[in-house]
Amino acid sequence: MKDVIVITGASSGFGALAARALARAGHTVYASMRETAGRSAPQVVEAQKYAAEHAVDLRTIELDVASEASANTAIEAIVTAHGGLDVLIHNAGHMVFGPAEAFTPEQFAELYDVNVLSTQRVNRAALPQLRRQGHGLVIWVSSSSSAGGTPPYLAPYFAAKAAMDALAVVYARELLKGFASIVPADADVSAVADAIVKVVDTPFGKRPFRVHVDPTQDGAEVVNAVSDRVRAELLRRMGLSDVLLPRAS
């Protein structure tokens, strides 16, 4: 079965590799990227060359995930050309390296925009078409840091990918069968404030790393317990176990 597929951030890396693999599998694949007539022009040529040499339907399309207008234009062009869209793959992302406090809020926001808000722009362009069709697939390329180890010096990237991962999970629920409230009617929102006060009043060195206030009982406490243990073990393996305990200055 031949699907029409668009992949964001497909000028290189995972995106380019996935585009080629999907094209070889017989699908019509749009490797989207920004500046197709500028910085990404060599990648456009490479994709065209690959398509010709392997007799596959691999195409490129201008799509800047930082621009709502660009996302709308690209998706509209694909739908117009094929009468629909079957698969959307969120792959666009950006990584920076350095100590967390060295980054300005604006730099954090830039990473968040590329890794999280970009998916929202493209979703809002593509999902109405998938709903009209009554079918479609959305794939998110995340990071193991969302659930596994989080070594230091990649805070903006890890934070953004964690946000994107959470967004993807919620979208999966909404797109599958709609959102149903699971918050008990008697849930007390003041419990969050009480928990914060308790943490503040706990002596230095004895404060918990994480506190859960979860009236929905959605399993976050269990998942986070495992995740925190995995991350701590990774830091020990890296010889950074000293960062797991607070030290007075």
Side-chain angles (χ1 to χ4, degrees), residues 1-41 43-48 50-51 56-94 110-142 160-161 163-179:
M1 183 175 179
K2 186 175 182 178
D3 287 332
V4 177
I5 303 171
V6 60
I7 307 178
T8 65
S11 63
S12 61
F14 293 135
L17 291 171
R20 285 159 171 72
L22 287 165
R24 290 197 306 272
H27 302 291
T28 295
V29 183
Y30 282 86
S32 76
M33 59 195 77
R34 60 180 178 174
E35 299 183 41
T36 52
R39 186 177 63 179
S40 296
Q43 284 73 32
V44 171
V45 173
E46 283 299 313
Q48 293 171 340
Y50 186 93
V56 297
D57 196 355
L58 174 62
R59 315 181 188 194
T60 59
I61 192 167
E62 174 74 26
L63 198 170
D64 181 355
V65 295
S67 166
E68 182 178 358
S70 180
N72 289 338
T73 298
I75 297 301
E76 182 179 356
I78 295 171
V79 171
T80 299
H82 301 277
L85 172 65
D86 300 299
V87 182
L88 163 61
I89 302 178
H90 292 300
N91 171 76
H94 186 56
E110 182 179 356
L111 262 289
Y112 191 90
D113 189 284
V114 173
N115 290 282
V116 186
L117 301 186
S118 67
T119 65
Q120 183 69 355
R121 294 186 186 101
V122 181
N123 273 350
R124 284 172 57 82
L127 291 183
Q129 175 61 34
L130 302 190
R131 291 187 186 281
R132 284 192 293 270
Q133 297 170 175
H135 74 273
L137 172 65
V138 181
I139 296 175
W140 310 64
V141 180
S142 185
K161 281 301 184 183
M164 191 209 78
D165 193 87
L167 182 62
V169 170
V170 175
Y171 257 113
R173 302 293 184 265
E174 293 181 358
L175 294 176
L176 283 174
K177 53 185 177 182
F179 178 73

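- Here the side chain of S70 pairs a donor or acceptor atom with the backbone of D64 at under 3.5 angstrom.
- Applying the side-chain hydrogen bond (donor to acceptor under 3.5 Å, both in side chains) test to pairs two or more places apart or on separate chains, those with a residue in residues 119-128 are H90-N123, D113-R121, Q120-Y171.
- Residues passing the salt bridge (Lys or Arg N to Asp or Glu O under 4.0 Å) test with R20: none are found, sequence neighbours excluded.
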I'd like to know whether V87 forms a side-chain contact (heavy atoms from CB on, under 4.5 Å) with V4, so could you lay out the CA-CA distance, the side-chain angles of the two residues, the decisive distance to 0.1 Å, and finally the verdict. CA-CA 6 Å; V87 182; V4 177; over 6 Å; no
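- Between T73 and L63 the shortest side-chain heavy-atom distance does not fall below 4.5 Å.
- The stretch residues 10-33 participates, sequence neighbours left out, in these ring pair (Phe, Tyr, Trp, His ring centres under 6.0 Å) pairs: Y30-H82.
- The closest donor-acceptor contact from the side chain of K161 to the backbone of V141 lies under 3.5 Å.
- Looking only at side-chain heavy atoms (C-beta outward), T8 and M33 stay at 4.5 Å or farther from each other.
- Residues in residues 1-16 take part in these salt bridge (charged side-chain N to carboxylate O under 4.0 Å, His left out) pairs, two or more places apart or across chains: K2-D57.
- Although no hydrogens or angles enter the test, the distance criterion places a donor-acceptor pair under 3.5 Å between the side chain of N91 and the main chain of G9.
- Applying the side-chain hydrogen bond (donor to acceptor under 3.5 Å, both in side chains) test to pairs two or more places apart or on separate chains, those with a residue in residues 31-40 are T36-E62.
- No side-chain heavy atom of D86 sits less than 4.5 Å from a side-chain heavy atom of L137.
- Side-chain contact between E68 and N72 is present, with at least one heavy-atom pair separated by less than 4.5 Å.
- Residues forming a side chain to side chain donor-acceptor pair (under 3.5 Å) with D165 (at least two apart in sequence, or on another chain): S142.
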